[in-house]
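In what follows, chains are A, B, ... by sequence order, proteins preceding strands, each numbered from 1.
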Amino acid sequence: MTEITLAKSYSPIEHEKSILARWSQAGCFHAQPTDSGAPYSVFIPPPNVTAALHLGHALNNTLQDVLVRVARMRGMNAMWMPGTDHAGIATQTVVEKRLLMQGKRRTDFTREEFVAKVQDWKDEYESVILAQLREMGASCDEARTRFTMDPVCTAAVRESFFRLFADGLIERGKRLVNWDPASQTALSDDEVEMEEVDGFFWYLQYPLEDGSGHITVATTRPETMLGDSGIGINPRDPRAAALRGKRVRLPIVDRVIPIIEDDYVVMPVSLGGDPQDAKAQFASGFLKITPAHDANDWELGRRHELQVINIMAPDGSISDRHGWTDVSATAKQFVGLSREDARKAVVAWFKANGLLEAAKPYRHSVGHGSRSHVAVEPYLSDQWYVRVTDPRLSASALRAMDLQQYEGSIDAVPGAARDGDGGLKFFPARYAKTFQHWHEGIRDWCISRQLWWGHRIPVWSCSFDAAKVPSATAWTDRGAAEIRRTLPDGRIEVFVCPPESLDATLIPALNAAGFTQDPDVLDTWFSSALWPMSTLGWPNPNRFGMEGMLDTFNPSAVLSTAREIITLWVSRMVMFNRYFMNGRLPFRNVFIHCIVQDGFGQKMSKSLANGVDPRDIIATHGADAMRFVLTQMSTATQDVRLPVDVLCPFTQQAFQPKTITTESGHVVAAPTQVCPTDPTKQMVTAYGVSAGLVTATDSIPLARNTSSRFDLGRNFATKLWNASRFALSQLGTATTSAEPVVPISLPDRWIIARFCRMVTTIESALAEYQFNPIADALYDFVWRDFCDWYLEAIKPTVKNDPVQQAVLRAMMDGILRVMHPVMPFVTEVLWTAVRTVSTAPIRGLDLPASDLLAVARWPAPDRALNDSQAIESFQRVQTLVMAIRNVRGERQVHDRRRIVLHAPKEIMDIVAQGSGTVETLAGLDRAECSDGAARPVDAVPFPFQGCELLLSALVDAVDVGAERKRLEEIIVDRERKAAGFEGKLSNAGYLAKAKPEVIEETRRMLSQAQADLVAARRALEVLSAMV
RNA sequence: GGGCGCUUAGCUCAGCUGGCUAGAGCACUGCCCUUACAUGGCAGGUGUCACAGGUUCGAAUCCUGUAGCGCUCACCA
């Protein structure tokens, strides 16, 4: 037998690399569609390549890894697809910022040059991210790593775009988009964040055209008045009748615009408006309508056929070249101003001309670009849309919902029954509501982005004189899809989308015919939405050597992600997967994990740069410790707050960093910190570096982050390590045998029963995606049951008891298996050591051998081993031990001192049942049967379950005063308890309505308290007699 | 404004299909370097379960309301 000696404590850094290498060499995370076992696939929510991963990602990936590793150990064909996301606007913004620091702009380069620079950035961070995943032990199928712009994914983008285009689900539209004047691109609704801004309500007077007076409009955006094309009033407004048919002469511009009536217009409180409505409090009853610069006005304008006058350039400045033609001489002075300056100038003009009636301060929310942080402009432009409002998409997503989780009647949702209906389930269930409400209020999805980094839109367009337009089938006959529209000037614009397979012939033909490709790229979520299909080779897996992948691994088992992703991504994956895969779901379950916040309650995020690099925690605590604590922190309702410390690179001391408040109001670690023990030494923080504020140098190095929250995990790994060391030391003489043994002694039967229950607890928690109970079950079992009780109990016997050795060996083996998904490294290291020992197997507990723990079988103990009787008996033993220890503790009896228990027969039975456990764990020299008559002189009495027990040889002399005090405290305690139970039992309602077993339990508790009371009082009497 | 959460020990959090004396880790106190582990062992103190009502024999748990915090959707009249 090989003797493996283990170091005195577990050092993660010494083992993690070699364990990773062993897994990698074995290729045990690589799955083939032809492998045995039911498919269990998980798609990593591909992190974007803007920055490295933080602990929020670590949490998500740890939980996924737990799921995947358990599935793998259960013999399923587990495939975890890793990858990254190109994150169009975010990545482009990051790179542009970097260039700006060098004094360069995107437009200083050609599109190809710039994309190459972004590609470099992507390559750098992609490799960082993949390394992070590896280091945290994520058992991803690395060989299948994907990036959203890989050829296989691009092929899926082309195919899906073509089919949506051909099916009429993609359209070109002139609509108001969220326009980011800084990055000069359209944004989807999801990329807009609302920020509170201090502003004003300005009250502007517009004269009536007939000179009969004026009306007053209220606005927060006076500069848009240059584009006003109508004035709205509510038809119920008492002033409406008199104004019907009248027109207003727009100041500055001199444009004459109609007054229209619409229910949408809010009436002021003074005229019957709702006082609860903030709008009514500020409204004048007259609404200026600017269809080109306000989404609601756009709708109003359509209803009343108002002119659409765009007064801005793409950079947000006032412009007469983007649709504004009736620029008056007065208006000229405003052209060219920024929107901010224009606002001031317009207000000043109104004031100077006596038309500014009032200005009231007003705080309101304004949309800002989530990346650029400048105010988003509702801007009229031509964009591509996916008509997700079509029932083929949105209603299909609703019909996918689990019926138990759908609110209302699913029959009201349009669409015919299909595969996949009702198959989508959320954990925790409340998030189904988010999903449902989103789809019920869904709006068409703007998918074009005026960026260079991303999937270029595969549409070629050209406009023709009506007479020269090609025939409607000219391009469709050649295999392309086509849509066309008539422009305001009567020309016909033709849009052609070729399928990728015909690129070689159609693209040259299109170019030759004068068509040009759309310069824009697709919203990143378009390609993300295809992730569970595109990574498996859809539409044609064989083309990429992925035979069988799509049919085997789609749908996946579960998507694990964050709350806000439900609308951004989950929704789109469901719609697309179902649309393209004949109703099939991308995943059956959606698990929403909690959010990791920093010590100030702010979500860790790449953009705020307050995230902690998991590698920092791995460095100070080890990957297993990090994973265990993250698992334990994962609860269903509570986000995780994680105070972060900085680790001084000079002294290795952790300290609380000095903080600063950012412009956006966030509290973050200051970019530079001073060593707490040596003020001459400085360091930079991860925040400072990620935010681009500082760079690390040799003299001012980067300080890692750490957090004491992970100590628990590190200590637990060490505990497991040492328990294994001890177990191995006890098994040195063990002999192997093929004949299964049946454990007889109480501690053996008990620990196996507890093991069974722990496995059950873990399995039922996993089924509900509840991770915190998994960590707790492991911790309680390993530390409390196994180490504190079992190992201590068997110390005197195990070396000479082959059956007990078999139990010890089996428990050690079983523990490593169930711990492995959460703490894969330390368990894999110990596995090698434990496997060198072999004993007889335990009947009913099959633990088949395996070279690597990562692919060992998950334990499935026989139900017969879950021995309730053993658990109850051992519980009595534990209670007795704890009672004795309590006396020892209070009397401060030295640990090594052996004492004597004197107990009546019924208690001696418990001692006997324990087969030595009580003696060992309570530090008894012996236990003697006693009727209480013959009382040793130095005996200390204590009540236990209604009996009076005595302990002797505790001390050399009894301190009567202290003893009396102790007994009196017990009496007070038991009196209080007895009174409580008596109160319950004297309540007629309680006796009549409570469950019989509950009442019985109360009676038992009462009689025990009363008996304790009797015993303690008698002991007090005896004590008094001694004096 | 709509929706969804949260508020339990000094800190970070469990518990909530109503029922034993409300728990864990950390921190704290006392004792112990007992040959697995001081990243440890044994013992101990600590809570008006946010607040106010209600339902019930019984509420941390269910209902209503209030306050504070967070997330999310909508909102530039």
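Among the heavy atoms of the strands, none lies under 4.0 Å from A:Val881. Nucleic acid contact for A:Leu712: sugar-phosphate only, since backbone atoms but no base atoms lie under 4.0 Å from a heavy atom of the residue. Residue contacts for A:Ala723: at a heavy-atom cut-off of 4.0 Å it reaches a base atom on one of the strands shown.
When both distances must be under 3.5 Å, the Watson-Crick or G-U wobble mate of B:rG70 is B:rC4. Remark: B:rC16 base-pairs with no nucleotide in the shown strands. Criterion, Watson-Crick or G-U wobble with two distances under 3.5 Å. B:rC51 is paired with B:rG65 under the Watson-Crick or G-U wobble criterion, all donor-acceptor distances under 3.5 Å. When Watson-Crick and G-U wobble pairs are counted only if both distances are under 3.5 Å, B:rC42 pairs with B:rG30. If you check B:rC11 for Watson-Crick or wobble pairing at under 3.5 angstrom, you find it paired to B:rG25.
One finds a salt bridge joining A:Asp639 and A:Arg563 here, because a Lys/Arg side-chain nitrogen approaches an Asp/Glu carboxylate oxygen to under 4.0 Å. Salt bridge A:Lys433/A:Glu440: absent, no basic N to carboxylate O contact under 4.0 Å.
You'll find the side chain of A:Lys8 reaches within 4.5 Å of the side chain of A:Arg725, heavy atoms only.
Between A:Lys8 and B:rG40 there is no side-chain polar atom (N or O) within less than 4.0 angstrom of OP1 or OP2. For B:rG41, the OP1/OP2 oxygens have a side-chain nitrogen or oxygen of A:Trp783 closer than 4.0 Å. Between A:Lys719 and B:rC37 there is no side-chain polar atom (N or O) within less than 4.0 angstrom of OP1 or OP2. Taking side-chain N and O atoms only, A:Asn715 has no distance below 4.0 Å to OP1 or OP2 of B:rG25. For A:Lys795, no side-chain nitrogen or oxygen approaches OP1 or OP2 of B:rU35 to under 4.0 Å. Remark: A:Asn296 is not in phosphate contact with B:rA77, judged by side-chain N or O atoms under 4.0 Å from OP1 or OP2.
For A:Gln770 against B:rA14, no side-chain N or O and base N or O form a donor-acceptor pair under 3.5 Å.
Because its NZ or CZ atom is not both nearer than 6.0 Å to the ring centre of A:Phe786 and within 45° of the ring axis, A:Lys719 does not count as a cation-pi partner of that residue. A cation-pi geometry, defined here as NZ or CZ lying under 6.0 Å from the six-membered ring centre and within 45° of its normal, does not hold between A:Arg443 and A:Trp298.
Atom-to-atom, CG of A:Leu791 to P of B:rU34 comes out at 18 Å; the value is rounded to the nearest Å. One atom, CG of A:Asn722, and another, P of B:rA38, lie 7 Å apart when rounded to the nearest Å. Here B:rA14 presents its P atom at 10 Å from CZ of A:Arg709, a figure rounded to the nearest Å. For the pair A:Gln878 CD and B:rC42 P, the interatomic distance rounds to 12 Å; values are reported in whole Å. Whole-Å rounding puts the A:Gln597 CD to B:rC6 P distance at 14 Å. Between the P atom of B:rC76 and the CG atom of A:Leu287 lies a distance of 10 Å, rounded to the nearest Å. Nucleotide B:rA43 holds its C1' atom 12 Å from the CE atom of A:Met882, rounded to whole Å. What separates CD of A:Gln656 from P of B:rU12 is a distance of 12 Å, to the nearest Å.
Taking the six-membered ring for Trp and the full ring otherwise, A:His293 and A:Trp179 have centroids separated by 6.0 Å or more. Taking the six-membered ring for Trp, A:Phe600 and A:His666 have ring centres at least 6.0 Å apart.
Every side-chain contact (heavy atoms from CB on, under 4.5 Å) that A:Val366 has, sequence neighbours left out, goes to A:Val197, A:His364, A:His368, A:Ala375.
Of the candidates B:rC76, B:rA36, B:rU72, B:rC76 carries the atom nearest the A:Arg221 side chain, counting heavy atoms from C-beta on. Comparing B:rG3, B:rU39, B:rC37 by their nearest atom to the side chain of A:Arg714 picks out B:rU39.
More than 12 heavy atoms of other residues, nucleotides or ligands sit less than 6.0 Å from atom CD of A:Gln652.
Using a 4.0 Å cut-off on heavy atoms, the residues of residues 633-641 of chain A that approach RNA chain B are A:Thr635, A:Thr637, A:Gln638, A:Asp639, A:Val640, A:Arg641, listed by number.
In this structure, A:Ile595 and A:Asn772 both approach RNA chain B, and ranking their closest nucleotides by distance from the 5' end singles out A:Asn772.
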